Number of protein chains: 2
Amino acid sequence: MEYEQLKLNNQLCFRLYTAARLTVGAYHPYLDPLGITYPQYLVLLVLWEQDKQPVCDIAKWLMLDTNTVTPLLQRMEKSGLLQRTKGKTDTRQRIVSLTEKGSALREQAKHIPECLSASKD
Amino acid sequence: MEYEQLKLNNQLCFRLYTAARLTVGAYHPYLDPLGITYPQYLVLLVLWEQDKQPVCDIAKWLMLDTNTVTPLLQRMEKSGLLQRTKGKTDTRQRIVSLTEKGSALREQAKHIPECLSASKD
DNA sequence: TATTTTTGCATCGTGAACGATATAAACCAG
DNA sequence: CTGGTTTATATCGTTCACGATGCAAAAATA
């Protein structure tokens, strides 16, 4: 009884942590064919809504730090989804813009949300 | 309107993913002094409830696979929190048991849940 | 203008997650 | 008992998440 609050399933955080992992996992069947990971999908969501943003803005949307986002963008650049160009007004910034390939994925991704909300079990 | 469902904040999964990250992050001030990470804390929760379990049982509790749990346990063994001994009835199994150090942490961790539920902002 | 501070991005190291694969022990069907 | 299958664990490679640190450009302040 003294340690009741230390039981695993009494912990909201564990449930949250597990739910998030499993939910992200549920995207796999839809993201694998597109050749992207879930965090990469999130970056695309941001850029599809508004293209040509500096790294810090993308990080703000995703609530991540640049030390997570920078390597993520580098991998996406390597796989041809986006480009990172030096900012003109502020040369410290790197402006991230979608390539043709990155833009085109939007059409294929369009139905993913409803697929997931429809998936039972 | 056509792509409304692709907006970041319309996506439950993103909110879940972010909430989980931030919530895990909220444990840092309490786990850092104990020298453990959040997943390691989860392993301890399991072992504090029931000591001496095979790897697969711990994995089941945490809803993780052994390829995640094994390295986690190896790191915890290296830092002296637990031991992994060969199973006697089934020699494939590795029975995980707490060390003195691992058991002792329970007392220090006892107040973490209420600390977190009390933390504002 | 010169100096300090802040900001934007990058790099490094560590610890997770997880798919794929490997290996040995246990189990099971013939 | 034998051969095929399942089970328990481990290893490897890749991608994240994130603390710490570095650096150069911009902004603020003296």
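Because the structure is predicted, anything quoted here is derived from the model rather than measured. To find a chain, count down the sequence lines: A is the first, B the second, and so on, and within it residues start at 1.
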Asks: Quick one, which residues of residues 89-102 of chain A touch DNA chain C with a heavy atom under 4.0 Å?
Replies: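 Of all residues in residues 89-102 of chain A, the ones placing a heavy atom under 4.0 Å from DNA chain C are A:Arg92, A:Gln93, A:Arg94.
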
Asks: Please name the pair of heavy atoms, one in B:Gln11 and one in A:Pro113, separated by the smallest distance, quoted to 0.1 Å.
Replies: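 Closest approach of B:Gln11 to A:Pro113: NE2-CG, 3.8 Å.
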
Asks: Could you list by number each residue of residues 46-62 of chain B showing a heavy-atom separation from DNA chain C of less than 4.0 Å, or answer none if no residue does?
Replies: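 When residues 46-62 of chain B is checked for heavy atoms under 4.0 Å from DNA chain C, there are no hits whatsoever.
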
Asks: Table please: side-chain donor-acceptor pairs of residues 44-51 of chain A below 3.5 Å, with sequence neighbours left out.
Replies:
{"residue": "A:Trp48", "atom": "NE1", "partner": "A:Gly102", "partner atom": "O", "Å": "3.0"}
{"residue": "A:Glu49", "atom": "OE2", "partner": "B:Leu8", "partner atom": "N", "Å": "3.3"}
{"residue": "A:Asp51", "atom": "OD1", "partner": "A:Leu98", "partner atom": "N", "Å": "2.9"}

Asks: So where does chain B start and stop touching DNA chain D, 5' to 3', when the test is distance under 4.0 Å to a non-hydrogen atom?
Replies: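 Counting from the 5' end, contacts occupy D:dT7 to D:dC18.
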
Asks: Taking side chain to side chain donor-acceptor pair (under 3.5 Å) as the definition, give me every residue that meets it alongside A:Asn10, ordered by chain and number, with sequence neighbours left out.
Replies: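 Counting only residues at least two positions away or on another chain, A:Asn10 forms no side chain to side chain donor-acceptor pair (under 3.5 Å).
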
Asks: At what distance, to the nearest 0.5 angstrom, does CG of B:Leu6 lie from NE2 of A:His111?
Replies: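 NE2 of A:His111 is found 9.5 Å from CG of B:Leu6.
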
Asks: Could you grab the distance from atom CG of B:Asp65 to atom NZ of B:Lys60, nearest 0.5 Å is fine?
Replies: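 Output value for this atom pair is 11.5 Å.
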
Asks: Roughly how far, to the nearest 0.5 Å, is the CG atom of A:Leu82 from the CD atom of A:Gln74?
Replies: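 Those atoms lie 10.5 Å apart.
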
Asks: Can you list, by residue number, the residues of residues 66-75 of chain A that have a non-hydrogen atom closer than 4.0 angstrom to DNA chain D?
Replies: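 Within residues 66-75 of chain A, the residues near DNA chain D are A:Asn67, A:Thr68, A:Leu72, A:Arg75.
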
Asks: Distance under 4.0 Å to a non-hydrogen atom of chain A counts as contact; along DNA chain C, which nucleotides mark the start and end?
Replies: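 First and last nucleotides in contact are C:dT7 to C:dC18.
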
Asks: Would a hydrophobic clustering, with Ile, Leu, Val, Met, Phe, Trp and Tyr connected at side-chain separations under 4.5 Å, put B:Leu62 with B:Leu16?
Replies: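 No; tracing contacts between hydrophobic side chains, which count when under 4.5 Å, never links both residues.
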
Asks: Give the minimum heavy-atom separation between B:Thr91 and B:Lys86, together with the two atoms involved.
Replies: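 Shortest heavy-atom contact: O-CE, 4.0 Å.
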
Asks: Which pairs pass salt bridge (charged side-chain N to carboxylate O under 4.0 Å, His left out) with one or both residues in residues 7-35 of chain B, sequence neighbours excluded?
Replies: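 For residues 7-35 of chain B: B:Glu4-B:Lys7.
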
Asks: Out of curiosity, does A:Tyr3 fall in the hydrophobic cluster containing B:Ile112 (side-chain heavy atoms, cut-off under 4.5 Å, transitive links)?
Replies: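 They do share one cluster, since a chain of ILVMFWY contacts under 4.5 Å joins B:Ile112 to A:Tyr3.
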
Asks: Determine the minimum heavy-atom distance between B:Cys56 and B:Gln93, stating which atoms define it.
Replies: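 Residues B:Cys56 and B:Gln93, closest heavy atoms: SG-NE2, 4.5 Å.
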
Asks: Near DNA chain C, under 4.0 Å by heavy atom, which residues of residues 35-44 of chain B?
Replies: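 Those residues are B:Thr37, B:Pro39, B:Gln40.
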
Asks: I'd like to check A:Glu107 versus A:Lys110 (side-chain heavy atoms, cut-off strictly below 4.5 Å). Are they in contact?
Replies: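 SC-SC contact between A:Glu107 and A:Lys110 confirmed.
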
Asks: Not counting sequence neighbours, which residues clear side chain to side chain donor-acceptor pair (under 3.5 Å) with A:Glu77? List them please.
Replies: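 Scan of A:Glu77 (side chain to side chain donor-acceptor pair (under 3.5 Å), adjacent residues dropped) gives A:Arg84.
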
Asks: Can you tell me how far the CG atom of A:Leu31 sits from the CD1 atom of A:Ile36, to the nearest 0.5 Å?
Replies: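 Separation between the atoms: 5.0 Å.
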
Asks: Could you check whether the rings of A:Tyr17 and B:Tyr38 sit parallel, tilted or perpendicular, using 30° and 60° as the cut-offs?
Replies: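 If you compare the ring of A:Tyr17 with that of B:Tyr38, the planes turn out perpendicular.
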
Asks: Is A:Lys101 close to A:Leu81 at the side-chain level, that is, under 4.5 Å between some pair of heavy atoms?
Replies: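 Heavy-atom side-chain distance check passes, below 4.5 Å.
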
Asks: Could you state the interatomic distance from CG (A:Leu34) to OH (A:Tyr27), rounded to the nearest 0.5 Å?
Replies: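 It is 12.5 Å, given to the nearest 0.5 Å.
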
Asks: Supply the atom-to-atom distance A:Thr66 OG1 to A:Leu72 CG, rounded to the nearest 0.5 angstrom.
Replies: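 One gets 12.0 Å once the value is rounded to the nearest 0.5 Å.
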
Asks: Run the side chain to side chain donor-acceptor pair (under 3.5 Å) test against B:Asp57 and tell me which residues pass, sequence neighbours left out.
Replies: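 Not a single residue meets the side chain to side chain donor-acceptor pair (under 3.5 Å) criterion with B:Asp57.
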
Asks: What I'd like to find out is whether the side chain of B:Trp61 reaches to under 4.5 Å of the side chain of B:Leu42, using heavy atoms alone.
Replies: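 A side-chain contact under 4.5 Å is absent here.
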
Asks: Does anything in residues 10-20 of chain B reach DNA chain C, meaning a heavy atom under 4.0 Å, and if so which residues?
Replies: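 Nothing qualifies; none.
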
